Amino acid sequence: MAALSATLLAGSFGVAAAQSAGGDGSPDKVVIRFTWKLKGEYAPLFVALDKGYYKAEGLDVTLAEGSGAQTVLKVVASGQEPFAYGPAVNAVQAVGQELPVKLVALYQASTPMGVISFPDMPLKTPKDMEGKSIAISSGETFSDMIRPFLKVNGVDIEKVNRVQMDNSARASQFMARRVDLMSVFLTNDLPKMEHVAKAKFNVIKVADFGLSVPGAALIVNTAWAEKNPVLVKKVLRATAKGYADAMADPVAAAQIFQKYLTIKEDPGVLERQVRATVESTNAPAGKPIGWQDDTTWTRCLDLLTETGTVKVRKDPGAYYTNAYLE
């Protein structure tokens, strides 16, 4: 599809191009780079694209796949592209590394993550992870957070066999039972893997055990956003409309997203993914979809600081802003 870019072409779409519009009335070209391959939780943005909400704002938006949060955030920080869409906690870590990025909308106040095992592998609490193997990958959200998760639950990390592998191999290794455990997004991996395995996995939701950290968010290059505030507002306004429609009719949202998939997904799986996404959407009463509050961020930073994930804590305003939400 013309609206998709399947590979991360560093430098191929610079900030200058992203803000080009012209006095000739041509639309502003903007890339929103996902931090991973296409998956059901991205459906609200495709609703906004498909229904013309970006176009109505005078935007020519490309929704593009990525190859991991760390890589994509570096591309945005370097000014090669303006927007990333992915886990907020990775943006927090990037700010800690002095990368010039900032969260401008938070679509999940708590990341919908879980750890799963096959039905015959006991897993009710984090303590049950001791003595078991788990697939981990650099740049994968839970893999980056496993140390604080185990620490807050009194689990000795040395008693958990962490098997390092490429992110793309984790699911196949788990399904082949070469590892006992795998972290999943409840909005993506879990419905798909249960469908393939024809089994209901044991699941512990990490938010139920002290690891409630902000999830999906739109992240911008800070300098670009300051120079192009109107464009940022347009992107957020159109994206919020896509989210609102997906929340109102997740079945229709799943059907829209299906059209943009080169490899089609099972309709039932896709519907489960979209439903889980809209159920976890951050839509505070009386505020725009994506609104962020100090309480969410204070709680998150308390956890990340306590567990050593954040070495130098900054003021919440260093990580996020609501200035572009309307």
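Predicted model only: the values in this text are computed from it and were never measured.
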Is there a side-chain contact (heavy atoms from CB on, under 4.5 Å) between K102 and V95? Walk through the geometry before answering. CA-CA 8 Å; K102 185 167 284 192; V95 171; over 6 Å; no

From L99 CG over to Q93 CD, what is the distance, rounded to the nearest 0.5 angstrom? 11.0 Å

Close side-chain approach of I157 and R147, heavy atoms under 4.5 Å: yes

Taking D245 for its side chain and V47 for its backbone only, find out whether a donor-acceptor pair lies under 3.5 Å. no

Do you see a donor-acceptor pair shorter than 3.5 Å between the side chains of T277 and Y107? no

Has R313 got more than 12 heavy atoms of other residues, nucleotides or ligands less than 6.0 Å from its CZ? yes

When you check the side-chain N and O atoms of N228 and Y324, is any donor under 3.5 Å from an acceptor? no

Would the F174 and F201 ring centres measure less than 6.0 Å apart? yes

Can you check whether K124's main-chain N or O pairs, donor with acceptor, with N202's side chain at less than 3.5 Å? no

Which residue, T111, V206, L304, forms the side chain to side chain contact (heavy atoms under 4.5 Å, CB included) with M145? L304

Please tabulate, for side-chain N and O atoms in residues 183-192, each donor-acceptor pair with protein atoms closer than 3.5 Å (sequence neighbours left out).
unit_1: S183; atom_1: OG; unit_2: E140; atom_2: OE1; d: 3.3
unit_1: S183; atom_1: OG; unit_2: E140; atom_2: OE2; d: 3.3
unit_1: S183; atom_1: OG; unit_2: R170; atom_2: NH1; d: 3.1
unit_1: T187; atom_1: OG1; unit_2: E41; atom_2: OE1; d: 3.1
unit_1: N188; atom_1: OD1; unit_2: Q273; atom_2: NE2; d: 3.1
unit_1: D189; atom_1: OD2; unit_2: F185; atom_2: N; d: 2.7
unit_1: K192; atom_1: NZ; unit_2: E265; atom_2: OE1; d: 3.3

F257 and Y42 aromatic centres sub-6.0 Å: no

Report whether Y53 and V274 are members of the same hydrophobic cluster (ILVMFWY, side-chain heavy atoms less than 4.5 Å apart, transitive linking). no

Kindly indicate, with the supporting measurements, whether the criterion side-chain contact (heavy atoms from CB on, under 4.5 Å) is fulfilled by M175 and M182. CA-CA 10 Å; M175 296 293 270; M182 177 181 163; over 6 Å; no

Counting heavy atoms not belonging to K132, are there more than 12 under 6.0 Å from its NZ? yes

Give, for atom CD of Q292 and atom CG of L106, the distance between the pair rounded to the nearest 0.5 Å. 5.0 Å

Looking at Y85, is R33 sitting on its ring face, NZ or CZ under 6.0 Å from the six-membered ring centre and within 45 degrees of the normal? no

Contact summary for A238 and A48, nearest pair of heavy atoms: O-CB, 3.4 Å

Taking NZ in K314 as the centre, count heavy atoms belonging to other residues, nucleotides or ligands within less than 6.0 Å. Is the count above 12? yes

For a side-chain contact (heavy atoms from CB on, under 4.5 Å) check, start with the C-alpha distance between L301 and V92, then their side-chain angles and the critical distance, and finish with the verdict. CA-CA 9 Å; L301 293 170; V92 171; 4.2 Å; yes

Side-chain (T239) to main-chain (L45) donor-acceptor, under 3.5 angstrom: no

Smallest separation among heavy atoms of F149 and N153, with atom names: O-ND2, 2.8 Å

Same hydrophobic cluster for V163 and I146, using side-chain heavy-atom links shorter than 4.5 Å among ILVMFWY? no

May I ask you to check whether Y260 and D50 show a side-chain donor-acceptor distance below 3.5 Å? yes

Could you tell me whether the side chain of L270 reaches within less than 4.5 Å of the side chain of D266, counting heavy atoms only? no

Given 3.5 Å as the limit, does a donor-acceptor pair link the side chain of S133 with the main chain of V179, or not? no

To check you understand the geometry: which heavy-atom pair defines the closest contact between V278 and P250, and what is its length? CG2-CB, 4.4 Å

If the condition is side-chain hydrogen bond (donor to acceptor under 3.5 Å, both in side chains), which residues does T321 pass it with, not counting sequence neighbours? none

Donor-acceptor pair, S172 side chain versus A169 backbone, under 3.5 Å? yes

Worked verdict on I289 versus T281 for side-chain contact (heavy atoms from CB on, under 4.5 Å): CA-CA 8 Å; I289 291 174; T281 296; 4.2 Å; yes

Are the side chains of L236 and E326 in touch, meaning some heavy atoms are under 4.5 Å apart? no

Do the non-hydrogen side-chain atoms of L63 and F46 ever get within less than 4.5 Å of each other? yes

Check K233 with E57, please: is the shortest side-chain N to carboxylate O separation under 4.0 Å? no

If you round to the nearest 0.5 Å, how far is CD of E81 from CG of N221? 11.0 Å

Any donor-acceptor pair under 3.5 Å from D156 side chain to E158 backbone: yes

Measure the CG-OH distance between D60 and Y54 for me, rounded to the nearest 0.5 Å. 12.5 Å

Side chains of V30 and F83: closer than 4.5 Å at any heavy-atom pair? yes

Closest non-hydrogen contact found for E130 with G154 is OE2-O, 4.5 Å

Any side-chain donor near an acceptor of the partner, W36 and E65, under 3.5 Å: no

With rounding to the nearest 0.5 Å, note down the distance linking CG in L73 to OG1 in T35. 7.5 Å

Is it possible for you to say whether M113 and F209 belong to one hydrophobic cluster, with membership spreading through side-chain heavy-atom contacts below 4.5 Å? yes

Between E279 and R275, is the closest basic N to carboxylate O distance under 4.0 Å? no

Quick one: are V152 and L303 in side-chain contact, heavy atoms under 4.5 Å? yes

When you check the side-chain N and O atoms of S110 and S212, is any donor under 3.5 Å from an acceptor? yes

Please examine the side chains of V101 and V220, heavy atoms only from C-beta on, and report whether any two atoms are closer than 4.5 Å. no

Heavy-atom pair with the smallest gap, counting every atom of L181 and S117: CD2-CB, 3.7 Å

Hey, what do you get for CD1 (I134) to CZ (F142), rounding to the nearest 0.5 Å? 5.0 Å

Any side-chain to backbone donor/acceptor pair from K29 onto L59? Under 3.5 Å, distance only. no

When clusters are formed by joining ILVMFWY residues with side-chain heavy atoms under 4.5 Å apart, either directly or through shared neighbours, do V160 and F118 land in the same one? no

Is there a continuous path of hydrophobic side-chain contacts, each under 4.5 Å between heavy atoms, that joins I136 to V89? yes

For the side chain of D128 and the backbone of T125, is there at least one donor-acceptor N/O pair under 3.5 Å apart? yes

Shortest non-hydrogen contact from S137 toward M165: OG-O, 2.7 Å

Check each of T295, T296, D294 against P316 using the side chain to side chain contact (heavy atoms under 4.5 Å, CB included) test, and report the only one that passes. D294

Are L218 and L103 side-chain neighbours, meaning at least one heavy-atom pair lies under 4.5 Å? no

Test D120 against R177 for salt bridge (Lys or Arg N to Asp or Glu O under 4.0 Å), laying out the working first. CA-CA 11 Å; D120 59 352; R177 307 207 67 166; 2.7 Å; yes

